[in-house]
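So the structure is just underneath, and the comments pick up after that.
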Number of protein chains: 2
Amino acid sequence: MSTSVNAPYHHGNLRQALLEAALIILEKDGEAGLGLRDLARAVGVSAAAPYRHFDSRAALLEALAVTGFQRFSAAMEAVASSDPADPMAAMGKTYVLFALSNANLFRLMFSPQLKKDGRPGLRMAADAAFDTLRHLVGGDMQTGRIKALAAWAKVHGLSILLLDGQIALRAGEDTEALIAEIIGSL
Amino acid sequence: MSTSVNAPYHHGNLRQALLEAALIILEKDGEAGLGLRDLARAVGVSAAAPYRHFDSRAALLEALAVTGFQRFSAAMEAVASSDPADPMAAMGKTYVLFALSNANLFRLMFSPQLKKDGRPGLRMAADAAFDTLRHLVGGDMQTGRIKALAAWAKVHGLSILLLDGQIALRAGEDTEALIAEIIGSL
DNA sequence: CTTTCATGTAAACAATGTCAACATCAGTAA
DNA sequence: TTACTGATGTTGACATTGTTTACATGAAAG
């Protein structure tokens with residue numbers, strides 16, 4: 001029984017296909033909804049096949065989170081290099097919008113689960129992302145460390161509170177405008 | 001086979017015992033490490049017994065999170081009623097310290113898992129907690145909504161970043177002092 | 001053509017959440 | 001007291017999950 005009429009025994013690029021399908025499932029169903037068997041079935045492969053490319057489910061999740069940090073870095077560098085009027089505000093807005101448009105991926109990136117296993121790839125990716133973030137901030141304006149940390153905390157907290165639906169929008173209020181207002185209140 | 005020599009058939013106060021043991025396991029092993037069977041064994045009861053008091057594992061977690069919000073509210077009210085010099089700063093500090101000293105419980109309170117099932121008890125507890133928070137803030141100083149949201153975001157983000165170990169302490173730096181500094185930078 | 005090795009499959013395992021059927025016991029009513 | 005009843009606990013089973021082991025396939029190297 002094969003999904004397509006003439007499915008080849010070897011998939012060809014299973015690792016990549018798994019990651020792409022996993023990302024879709026992740027955004028739709030959340031991390032808990034991402035089962036290895038469902039994922040394998042979605043790609044048209046047996047339940048054990050993913051183990052040729054990932055040591056465990058956690059390793060698969062780690063790979064997802066790593067690509068998340070890479071995309072995050074890319075987004076931040078893109079705004080920074082677009083030479084905006086207020087670099088800090090622009091980066092903050094990008095930070096929050098990235099979280100909102102990649103909700104479950106963002107949550108996965110900061111998942112305490114993955115961190116607890118001490119997965120080195122994830123730690124490296126996160127460190128790299130925040131290093132470039134620090135570099136971009138330090139390059140464009142000479143903020144002190146405390147102010148930078150405070151800005152980071154504000155932007156990160158805003159991301160999570162919005163993600164969790166804790167911040168209620170008023171009637172006719174625009175999310176993006178609210179973000180700008182909160183970021184602007186330094 | 002019974003844990004104690006003369007264990008009675010009926011536990012007596014199983015629901016409470018489950019919650020207390022669950023809280024301990026939660027703080028030690030995290031949410032993923034909190035299995036129903038282990039929990040039942042820790043309390044000296046069969047694997048199915050918890051189902052007489054909780055509909056599901058998620059319901060048990062919800063109950064834990066609810067008590068978390070109650071403790072959180074109590075802590076915030078305690079500081080506010082102690083009439084501190086700078087109410088906002090004091091509450092912010094309490095907010096972060098609560099998160100740090102109840103790490104996994106705090107994470108559970110904001111777990112996307114529980115939120116997704118639309119558990120009404122959790123939503124009510126969270127709303128109640130944040131209502132009292134808003135009340136305390138609004139009562140002591142007339143902050144605008146945007147400033148209040150910004151302060152909330154900063155304090156919440158700081159909690160999570162510290163919890164995740166993302167903010168590195170410098171040599172000889174005190175966590176509590178750093179918190180105070182960041183909160184102070186409004 | 002043969003060999004090899006990365007990559008896939010099938011079948012099994014242990015552990016988990018959950019449920020159904022039965023056991024125990026405290027309290028109430030006769 | 002005696003019988004019933006409902007709340008609470010136990011046992012055994014089930015489906016599902018992550019994971020492993022043994023085997024199958026086939027593309028590329030020799």
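Naming: A, B, ... by sequence-line order, numbering from 1 per chain. All heavy atoms count here, side chains included; hydrogens, waters and symmetry mates do not. Predicted model only: the values in this text are computed from it and were never measured.
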Mind calculating the distance between OH (A:Tyr51) and C1' (D:dT19) to the nearest angstrom? 5 Å

Within a radius of less than 6.0 Å around CG of B:Asp55, do more than 12 heavy atoms belonging to other residues, nucleotides or ligands occur? no

How close do A:Thr94 and A:Ala75 get, counting heavy atoms only, and between which atoms? CG2-O, 4.0 Å

Measure CZ/B:Arg41 against C1'/D:dG9 and give the value in whole Å, please. 16 Å

Taken to the nearest whole Å, CG/B:Leu61 to P/C:dT18 is 10 Å

Rounded to whole Å, CG of A:Leu39 lies from C1' of C:dG8 at a distance of 15 Å

Atom pair distance, as rounded to whole Å: CG in B:Asp55 and P in C:dG17: 15 Å

Of A:Ser56 and B:Ala48, whose closest DNA chain D nucleotide lies nearer the 5' terminus? B:Ala48

Please state whether the phosphate of C:dG8, meaning OP1 or OP2, lies under 4.0 angstrom from any side-chain nitrogen or oxygen of A:His53. yes

Using a strict 4.0 Å threshold on nitrogen-to-oxygen distance, state whether A:Arg57 and A:Glu31 make a salt bridge. yes

Among D:dT10, C:dT18, C:dT9, which nucleotide sits nearest the side chain of A:Ala49? C:dT9

One pair to check against ring pair (Phe, Tyr, Trp, His ring centres under 6.0 Å): A:Phe72 and A:Tyr95. What are the steps and the verdict? CA-CA 8 Å; A:Phe72 174 78; A:Tyr95 194 113; 5.1 Å; yes

Whole angstrom is fine here: how far is it from CG in B:Leu36 over to P in C:dC19? 11 Å

Can you tell me the distance, in whole Å, between the CG atom of A:Asn13 and the C1' atom of C:dA6? 14 Å

Name the closest nucleotide to the A:Val45 side chain, picking from C:dT9, C:dT18, D:dG18. C:dT9

Kindly say whether, by distance alone, the side chain of A:Arg52 makes a donor-acceptor pair under 3.5 Å with the base of C:dG8? yes

Out of D:dT20, D:dT17, C:dG8, whichever nucleotide has its closest atom nearest the side chain of A:Leu14: C:dG8

Rounded distance in Å - CD (A:Glu31) to C1' (D:dG18): 13 Å

